[in-house]
Amino acid sequence: MNTLDVKDIKVLLSEEKIQNRIQEIADKLNALYQNEEVYAICVLKGAVFFAIDLLKHLKMPLKMEFIRLSSYGTGFSTSGKVNAVDISLPDLNGKNVLIIEDIIDTGLTAKFLMDFMHCNFRTKSTIFCSLLDKKVSRKTEIEPDYYGFEVDDKFVVGYGLDYEGYYRNLRFIGYVPTK
Ligand code: IMP
């Protein structure tokens with residue numbers, strides 16, 4: 001499939017809807033952590049817009065880390081295998097860890113990350129927060145602790161999510177109608 005025309009992308013979640021929901025999630029996280037220090041881990045590249053907007057609302061002492069994983073080969077389908085492109089992290093023993101993802105689809109990436117955390121660190125807490133949750137596609141038993149919106153089995157783009165590297169910069173989340 002060629003690059004999609006932005007005009008063909010239908011809005012699923014508007015910028016306003018996304019931002020309002022992010023504020024709601026931030027309120028919950030502020031209440032959860034109170035003033036405890038948090039290590040926020042943004043999963044590149046897709047979660048970067050969400051992470052930045054979310055973290056701007058958080059009030060506790062916070063450090064931000066980035067890791068880069070990939071599971072998508074080309075186009076619309078997952079390769080079914082998670083690759084750790086860059087997963088160098090500081091010592092997270094005894095820390096509150098907040099993992100920030102763009103979308104949980106099959107759940108393989110989330111499971112990989114949770115297993116990685118458990119194998120490498122004894123954190124004080126590990127919370128998984130995803131902007132989107134595509135529950136219908138799940139192939140693992142993993143569930144996010146917090147998520148913004150449930151989406152059905154559509155390939156979505158925008159606000160960090162890409163199709164072949166494009167459309168991350170859209171302010172909204174949309175999909176390409178198949179008919
Ligand atoms: P999972 O391992 O199958 O849960 O997939 C997680 C990753 O696949 C996400 O972090 C996204 O980068 C990518 N992904 C899954 N579904 C979509 C989608 O609908 N649009 C864009 N990227 C997606």
Side-chain angles (χ1 to χ4, degrees), residues 1-15 17-18 21-22 25 40-55 64-89 97-120 126-179:
M1 186 157 190
N2 295 324
T3 310
L4 309 168
D5 192 329
V6 176
K7 290 198 297 296
D8 295 332
I9 298 173
K10 300 284 173 238
V11 177
L12 185 66
L13 298 165
S14 67
E15 181 179 12
K17 224 172 170 178
I18 295 168
R21 185 67 182 129
I22 289 174
I25 297 171
I41 300 177
C42 169
V43 184
L44 294 172
K45 301 175 188 171
V48 72
F49 289 74
F50 174 44
I52 287 168
D53 284 343
L54 179 70
L55 298 190
M64 191 176 190
E65 300 290 336
F66 296 88
I67 57 173
R68 188 156 171 211
L69 303 177
S70 76
S71 64
Y72 262 60
T74 51
F76 298 124
S77 59
T78 175
S79 65
K81 195 170 152 268
V82 181
N83 296 311
V85 181
D86 178 2
I87 202 160
S88 44
L89 286 167
V97 173
L98 174 65
I99 299 174
I100 306 174
E101 247 295 33
D102 53 355
I103 186 167
I104 304 187
D105 183 14
T106 62
L108 291 171
T109 305
K111 180 158 187 343
F112 173 92
L113 267 173
M114 292 308 273
D115 289 348
F116 179 86
M117 295 305 300
H118 289 138
C119 289
N120 289 280
T126 306
I127 294 287
F128 202 102
C129 179
S130 179
L131 178 61
L132 304 179
D133 190 353
K134 215 188 265 185
K135 289 189 191 295
V136 287
S137 311
R138 202 70 100 252
K139 291 188 179 147
T140 60
E141 286 183 358
I142 209 121
E143 291 295 332
D145 298 289
Y146 297 92
Y147 67 92
F149 304 94
E150 187 172 339
V151 290
D152 58 19
D153 198 11
K154 289 186 175 80
F155 191 85
V156 290
V157 295
Y159 196 66
L161 293 136
D162 74 304
Y163 168 70
E164 303 224 327
Y166 294 100
Y167 314 111
R168 294 192 197 276
N169 56 316
L170 300 180
R171 288 166 174 265
F172 62 91
I173 290 172
Y175 67 98
V176 186
T178 43
K179 285 179 203 146

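Keep in mind that the numbers below use all heavy atoms, side chains included, and drop hydrogens, waters and symmetry copies. What you are looking at is a predicted structure, and each value in this text was computed from that prediction instead of being measured. Position 1 is the first residue of the sequence; numbering continues from there. When a ligand or atom number is given, it counts from 1 through the structure's own listing order.
Every residue meeting the side chain to side chain contact (heavy atoms under 4.5 Å, CB included) condition with Lys135, not counting sequence neighbours, appears here in chain and number order: Asp133, Arg138, Glu143, Tyr147, Glu150.
In the vicinity of Lys134, heavy-atom distances shorter than 4.0 Å reach the ligand 1 atoms 16 (N), 17 (C), 18 (C), 19 (O). Near Lys154, with a cut-off below 4.0 Å to any heavy atom, the atoms of ligand 1 are 19 (O). Counting atoms of ligand 1 from 1 in the listed order, those under 4.0 Å from a heavy atom of Glu101 are 10 (O). Within ligand 1, counting atoms from 1 as listed, the ones closer than 4.0 Å to a heavy atom of Thr109 are 1 (P), 2 (O), 5 (O), 6 (C). Applying the 4.0 Å criterion to heavy atoms of Asp162 picks out, from ligand 1, the atoms 21 (C).
Atom CD1 of Ile173 is separated from atom CD1 of Ile18 by 4.0 Å, given to the nearest 0.5 angstrom.
Within the 4.0 Å heavy-atom shell around ligand 1 one does not find Val157. Ala110 does not count as a contact of ligand 1, since none of its heavy atoms falls under 4.0 Å from the ligand.
Proximity of a side-chain donor or acceptor of Tyr159 to a complementary backbone N or O of Phe49 within less than 3.5 Å is detected. Judged purely by atom type and a 3.5 angstrom limit, Arg171 has no side-chain atom pairing as donor or acceptor with the backbone of Glu15.
Asp162 places none of its side-chain heavy atoms less than 4.5 Å from the side chain of Lys45. Between Ile103 and Val151, some side-chain heavy-atom pair lies under the 4.5 Å cut-off. Residues Phe128 and Ile104 have side chains in contact (heavy-atom distance under 4.5 Å, counting atoms from C-beta outward).
When non-hydrogen atoms are compared, ligand 1 lies under 4.0 Å from the side chain of Leu161 (C-beta onward) but not from its backbone.
Of the polar atoms of Val156, at least one N or O is found under 3.5 Å from an N or O of ligand 1, judged by distance alone.
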